[in-house]
Amino acid sequence: MTSSGEKWVTDDTFKPIVVDRESDVLFVTRNLFQLHKKRRQLRAETTDLNYRLSVPFAPHLFGSGKTTFCRSYLELVQRFRETSLSSFASDPSRKEFLDKLREAVLLYVDMTELKPINPIEERRNLEWAVYYLLYRFACKQKGLSLMSPQDAYKKIPPLPEFLLPELRKILGISSDQFLLVAFDEVGVLDTRGQYFDLEVNDGRVFPYNDFFGIVRGLCKQDNVFFIVVGKSKGLSIKNYTASVSKVLLHFISLSPLNSSSIVEFLEKSHLEEQVHYRVCDILCSSTFSVNELAEALLEYTGGVPGLLTRAVNMLLNYVQTRGQPFTLKDECLSCMKEDGFRTVCSEPFVTRISTLDEDTRSLLDMLLMMALYRIPFNVNDRLNSGSYLFDAVTEMGLYRHPIDMNTFQVLLPKVFIGIFEELTSLSFLERILLGSLNIEPVDCFFASKCRVFEGIVAMRLVWILSSKVRNEFRESLGRLSAIWKDMKLPIHGPSPLHYMMSVSRGEARSESSKERKTYASNEWNEIIHGALGFDKVYIPKEANSYSPDIMFKLQSPVKFKFLMVGVACKGRWKSEGIGWSDVIEEAKKFLKPVYDQVLSQALEFYHCMLIIVSTKLALNVANELGNQSRCYTSGMRIGGNSFEIPPNCELVILCESDVEMLIDREILNGLERAFSTSDRPVLKNFGLGLVQRVRHSFLSWQ
């Protein structure tokens, strides 16, 4: 039992159910069937020498559900046989295999108990140590007493044809019945490997090559299958074993749960001793739905199964102690925001964070930036010749959220953020990134389109607005706009990016048989007066919002005067650039409704400015600007007199050279290359060098 002021305890009070693993079960089943079909080739009894053993492998961090999955795989096969596995069983040979798999016996083996085993002449023999470990766990599973290592060695020589019949005898299964062995925590070979004599390849000792060589030998025997889980540097292991031991490791994704899966988890899990009481019924009142609870849990746990289970246990203990369920989502969220809740919930997960080596620690800001800007990465993206980004994410204590089989995003559960913030010597950049991720809703994290361009501009504005030293960009705006020059700058020190209420497009209406857009009929007044605070830079929650891409509010130091600033980031690199129609559209959706709803009622106090930050201006726009930034003030007309700047409003269009005060040319060129290939480019499109350059540019501004 863990406590924080006796309020947050982690006693197990409910029986969690495994949900949302249909695709993983199908994936593993297909891999096991492949071994079943190709076992003769593995034994080289045919001329098909191209087949290589495939082993389902889950290289995940603590809490990802890997142990639960391998322990419950056969149960899940039974559960999904009529749903996700039904199409797999449409072929007669696969149906026969699936029928036998449903009758299989699981032998779970915890590799943390691996150690050198007598007799003395075999103490450094890894194969004998693995064999005896299999024997030990078979006896343990059936409650039988063990032979001593010496006696076992005499009876079970380290050969597959001797070991497997003995295991079957102990487990009480026939030779034609399937035996599924699940090796858990295989990562212990990192440290335990030193106790054994291992094969040397290219001058290196690599214990995983030896281990999977042992597995390969066992797989030559009929009706035995393997699942292996539990190692962080999984990609390095996968690539090395494929080249040396000729074993292909296929990653089991074990994705974090989404909101609908968490709802299923809450509705189907029940109290430990009272099976008629569902978890959702204990935690939710009539005014707080299970969907809202799932959203709250997703926001703070990221859907990581181990974190989710721990958080639910803590909330159940809290609710049962006080004797009443939660009545509102905000009430539940306020509990999970507490430092005590976060500390207790994340306690068993954060060992890696406190023991980071210097090389891994140096990657933190880049990984946080990838998480915040939603930059996906490919499974094979390298940090350098010796390490992969895929492995670095889990070495840092973060998680990977799969987009598809080979593409991932970085996930930092909110409950971890406080632990990261306690790290010594955090840079300003790391604090801003962590703070921004702490504010951001996680469902937005998964759904949003990539915001790299506006994200870089927003972060740059944080420094520009808060810097106490001379700032060329800030002074340039002061020369363009008297209203800007009258505002109080710098604002309070660097702070996280905040997320604002997104303004949706109003209903389209018909006019002269043509459809045209109307904007934000009643939302801006609430946003400007209530949602936005001073000294903060905001971006909309939704990527397709009809709000500007960035917003902030300034105040005059001597007068009761406010300036509402919107920044429209037009990230286009097309040959025609940003034309007047684009500028007018941005002005109509921000300046006009803000004037109608806010400024027209308080002209004496409020002003509004829209800044257009474009990567490329159309020729006619650039010519009218005279290739320099320009400020259009109240009453001026733009775009051939098609739009008039409302009272107390200003429109600033930055020339391309002034845009480079926010983002240097090399970064802009890199973004152009990335976005020319996709609307949602992955890390490969950006290139790791570009992400690192963005990181270094931020660090140079500190």
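We count residues from 1, following the sequence as given. All heavy atoms count here, side chains included; hydrogens, waters and symmetry mates do not.
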Problem - Arg342: partners by salt bridge (charged side-chain N to carboxylate O under 4.0 Å, His left out), with sequence neighbours left out - result: none
Completion exercise
So salt bridge (Lys or Arg N to Asp or Glu O under 4.0 Å) across residues 467-478, not counting sequence neighbours, yields Arg470-Glu475
Problem - Pair Thr407-Asn378, side-chain donor/acceptor within less than 3.5 Å - result: no
Completion exercise
For Ser436, the side chain to side chain contact (heavy atoms under 4.5 Å, CB included) test, sequence neighbours excluded, returns Leu372, Ile432, Pro496, Leu497
Completion exercise
For Asn627, the side chain to side chain contact (heavy atoms under 4.5 Å, CB included) test, sequence neighbours excluded, returns Ala622
Fill in the blank from the handout: Sorted by chain and residue number, the salt bridge (charged side-chain N to carboxylate O under 4.0 Å, His left out) partners of Lys553 (sequence neighbours excluded) come out as none
Completion exercise
Hits for salt bridge (charged side-chain N to carboxylate O under 4.0 Å, His left out) against Lys592, two or more places apart or cross-chain, chain-then-number order -> Asp596
Fill in the blank from the handout: Residues passing the side chain to side chain donor-acceptor pair (under 3.5 Å) test with Ser657, sequence neighbours excluded, are none
Problem - Partners passing side chain to side chain donor-acceptor pair (under 3.5 Å) against Arg479 (at least two apart in sequence or in another chain) - result: none
Problem - By salt bridge (charged side-chain N to carboxylate O under 4.0 Å, His left out) - contacts of Glu656 (at least two apart) - result: none
Practice task
Apply side chain to side chain contact (heavy atoms under 4.5 Å, CB included) to Ile419 and list each qualifying residue two or more places apart in sequence or on a separate chain.
Solution key: Ser346, Val350, Ile353
Handout entry: Results of side chain to side chain donor-acceptor pair (under 3.5 Å) for Asp381 - residues two or more places apart only
Key = none
Exercise for the section: Please identify each residue that fulfils side chain to side chain donor-acceptor pair (under 3.5 Å) with Glu666, with sequence neighbours left out. Expected result: none
Handout entry: Electrostatic pair Lys570-Glu586, nearest N-O below 4.0 angstrom
Key = yes
Exercise for the section: Kindly state whether the ring of Phe251 and the ring of Phe390 have centres lying under 6.0 angstrom apart. Expected result: yes
